[in-house]
Amino acid sequence: MADTTGLRADCARCVGLCCVAPAFAASADFARDKPAGRACHHLRGDSRCGIHDELRERGYPGCVVFDCFGAGQRVSQVTFGGRDWRTDPATAAGMFAAFTVTRPLHELLWYLTEALTLTPAGPLHDELRAARDATDALAGGTPQELATVDVDAHRDRVNPLLAAASEAARAGTGGPDRRGALLLGADLRGVDLRGANLRGARLLGADLRAADLRRADVTGADLRGADLRAADLSDTLFLHQSQLEAARGDRRTALPARLRRPAHWTTVVPPTPARRPRRSRR
């Protein structure tokens, strides 16, 4: 199992950066607009969210599914040595800018760490480890060094390695290639999606009840509102907790041991419409 301990958000060691640095646009995910660099009006003086236990009910599901991959505490405690933008206003602009760079780098670190666990010793494993070390070095830079990082260019260099790791892990499954597929509200009940390439697929509101997603690659797949009740995600590739938080499921949904069942998922088990397993069309 991948060691992603340092890539998990630890809000107790952060100064509320995710509530200040990003911009929010009023939508189904956020109840109101918030410009970049301005603190959310729900952020308390102790850097905690004042409505944390009611975010979904108050119109902020986007906050529930947001994950900084540990970038918040790294910027707060390492890059800026424990300083707080509230008590040290001179650090605010640099701290927020550093967070916007470190967060996507930490996301890449998470994917690279996962890819290393899927890849046996050999040239590809060595390349993945080198890419992980290089990404970590970039994320560990000074505020001035972080300001010069071209995250998009670095991601373009890393993505082919992640894709190669995915292809190797899915080899022999015969799964369909649905990269970037537009599957909003699609009826995929009981569909055999084993080994499918669903990287970047838009599955908003898709009905995936009792679907088989073992060894499917869901890197960047949008699962907001997707129905995962009784689906098998027991060894889905690159599945992240934030994707589960954005979806619906129940106690029959099979999950990898490293992920937790979201608190908002239903505990009542309604009957799932019977459907013979079928392959998704390519």
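The shown structure was predicted, so the numbers you read here are calculated from the model rather than taken from an experiment.
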Intermediate values then yes/no, salt bridge (Lys or Arg N to Asp or Glu O under 4.0 Å), Arg202 and Asp222: CA-CA 5 Å; Arg202 286 168 283 180; Asp222 192 339; over 6 Å; no
Verify side-chain contact (heavy atoms from CB on, under 4.5 Å) between Met95 and Val15, making sure each step is shown before the conclusion. CA-CA 10 Å; Met95 191 175 291; Val15 290; 3.8 Å; yes
Dump the intermediate steps for side-chain contact (heavy atoms from CB on, under 4.5 Å) on Leu203 and Leu188, then the final yes or no. CA-CA 10 Å; Leu203 289 154; Leu188 298 169; 3.9 Å; yes
Report the C-alpha distance between Arg224 and Val65 in whole Å, list the side-chain angles of each, state the deciding distance to 0.1 Å, and finish with yes or no for side-chain contact (heavy atoms from CB on, under 4.5 Å). CA-CA 9 Å; Arg224 284 179 292 170; Val65 303; 5.9 Å; no
Mind running salt bridge (Lys or Arg N to Asp or Glu O under 4.0 Å) on Glu107 and Arg155 for me, showing each step along the way? CA-CA 10 Å; Glu107 183 176 11; Arg155 185 185 291 111; 5.5 Å; no
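In this structure, CZ in Arg44 is found 11.5 Å from CD1 in Ile51, a value given to the nearest 0.5 Å. To the nearest 0.5 Å, the span separating CZ on Arg48 from SG on Cys14 amounts to 9.0 Å. Distance check, rounded to the nearest 0.5 Å: CG of Leu17 to CG of Asp84 gives 8.5 Å. Atom-to-atom distance recorded for Leu161:CG and Asp126:CG is 11.5 Å, nearest 0.5 angstrom. Note that CG of Leu116 is 5.0 Å distant from CZ of Arg129, once rounded to the nearest 0.5 Å. Here the CG atom belonging to Asp232 is positioned 5.0 Å from the CG atom belonging to Asp212, to the nearest 0.5 angstrom.
The neighbour count for Arg32 CZ, taken as heavy atoms of other residues, nucleotides or ligands under 6.0 Å away, does not exceed 12. The neighbour count for Arg86 CZ, taken as heavy atoms of other residues, nucleotides or ligands under 6.0 Å away, is above 12. For NE2 of His264, the number of neighbouring non-hydrogen atoms (other residues, nucleotides, ligands) closer than 6.0 Å is greater than 12. Atom CZ of Arg56 sits in a crowded spot, with more than 12 heavy atoms from other residues, nucleotides or ligands closer than 6.0 Å.
Leu239 pairs with exactly one of Val218, Leu213, Asp217 by the side chain to side chain contact (heavy atoms under 4.5 Å, CB included) rule, that one being Val218. When the options Leu108, Leu128, Leu109 are evaluated for a side chain to side chain contact (heavy atoms under 4.5 Å, CB included) with Val158, the one that passes is Leu108.
For the pair Arg199 (side chain) and Gly220 (backbone), a donor-acceptor distance under 3.5 Å is absent. Judged by distance alone, the side chain of Asp33 and the main-chain N or O of Pro35 form no donor-acceptor pair under 3.5 Å. Using modelled atom types, no side-chain atom of Ser166 and backbone atom of Leu162 make a donor-acceptor pair closer than 3.5 Å. Using a distance-only test at 3.5 Å, with no hydrogens or angles considered, no donor-acceptor pair links the side chain of Arg13 to the main chain of Gly72. Distance alone, capped at 3.5 Å, is enough to place a donor-acceptor pair between the Gln243 side chain and the His240 backbone. Under a 3.5 Å cut-off, the side chain of Trp265 and the backbone N or O of Arg229 do not form any donor-acceptor pair.
Between Ala23 and Ala36 the shortest heavy-atom distance is CB-N, 3.5 Å. The two residues Gly16 and Ser47 come nearest to each other via the heavy atoms N-CB, 3.8 Å. The two residues Gly94 and Phe80 make their nearest non-hydrogen contact at C-CZ, 3.4 Å. Here the shortest heavy-atom pairing between Arg170 and Leu237 reads CG-CD1, 3.6 Å. Across all their heavy atoms, Ala226 and Ala247 have their closest contact at O-CB, 3.5 Å. In this structure, Asp88 and Thr91 approach most closely via the heavy-atom pair O-OG1, 2.8 Å.
With a 4.5 Å cut-off on side-chain heavy atoms, Pro22 and Thr100 do not count as touching. Side-chain contact between Arg194 and Arg215 is absent, with no heavy atoms from C-beta onward closer than 4.5 Å. Taking the side chain as every heavy atom from C-beta outward, Gln241 and Arg258 never approach each other to under 4.5 Å. Annotation: side chain of Leu138 is not in contact with side chain of Thr135 (no heavy-atom distance under 4.5 Å). No side-chain heavy atom of Leu124 sits less than 4.5 Å from a side-chain heavy atom of Glu167. In this structure the side chain of His42 never reaches within 4.5 angstrom of the side chain of Lys34, judged on heavy atoms. Side-chain contact between Leu228 and Leu244 is present, with at least one heavy-atom pair separated by less than 4.5 Å.
The pair Glu245-Arg260 meets the salt-bridge criterion, with a side-chain N (NZ, NE, NH1 or NH2) lying under 4.0 Å from an Asp/Glu carboxylate O. With salt bridges taken as basic N to acidic carboxylate O contacts below 4.0 Å, one links Arg74 and Asp136.
In terms of hydrophobic clustering, with Ile, Leu, Val, Met, Phe, Trp and Tyr side chains grouped at heavy-atom distances under 4.5 Å, Leu184 and Leu193 are assigned to different clusters. Both Leu7 and Phe238 belong to a single network of hydrophobic side chains, linked directly or stepwise wherever heavy atoms of I, L, V, M, F, W or Y lie under 4.5 Å apart. A continuous path of ILVMFWY side-chain contacts below 4.5 Å connects Leu183 to Val191, so both sit in one hydrophobic cluster. Cluster annotation: Val151 is not connected to Trp110 through the hydrophobic network of ILVMFWY side chains, with a link wherever side-chain heavy atoms come within less than 4.5 Å. Cluster annotation: Leu146 is not connected to Val78 through the hydrophobic network of ILVMFWY side chains, with a link wherever side-chain heavy atoms come within less than 4.5 Å.
A perpendicular orientation is assigned to the rings of Trp85 and Phe96, their planes being inclined by more than 60° (bins at 30° and 60°). Taking the six-membered ring where the residue is Trp, Phe99 and Phe66 present tilted rings, their angle falling between 30° and 60°.
Between the side chains of Ser234 and Arg214, no donor N or O sits under 3.5 Å from an acceptor N or O.
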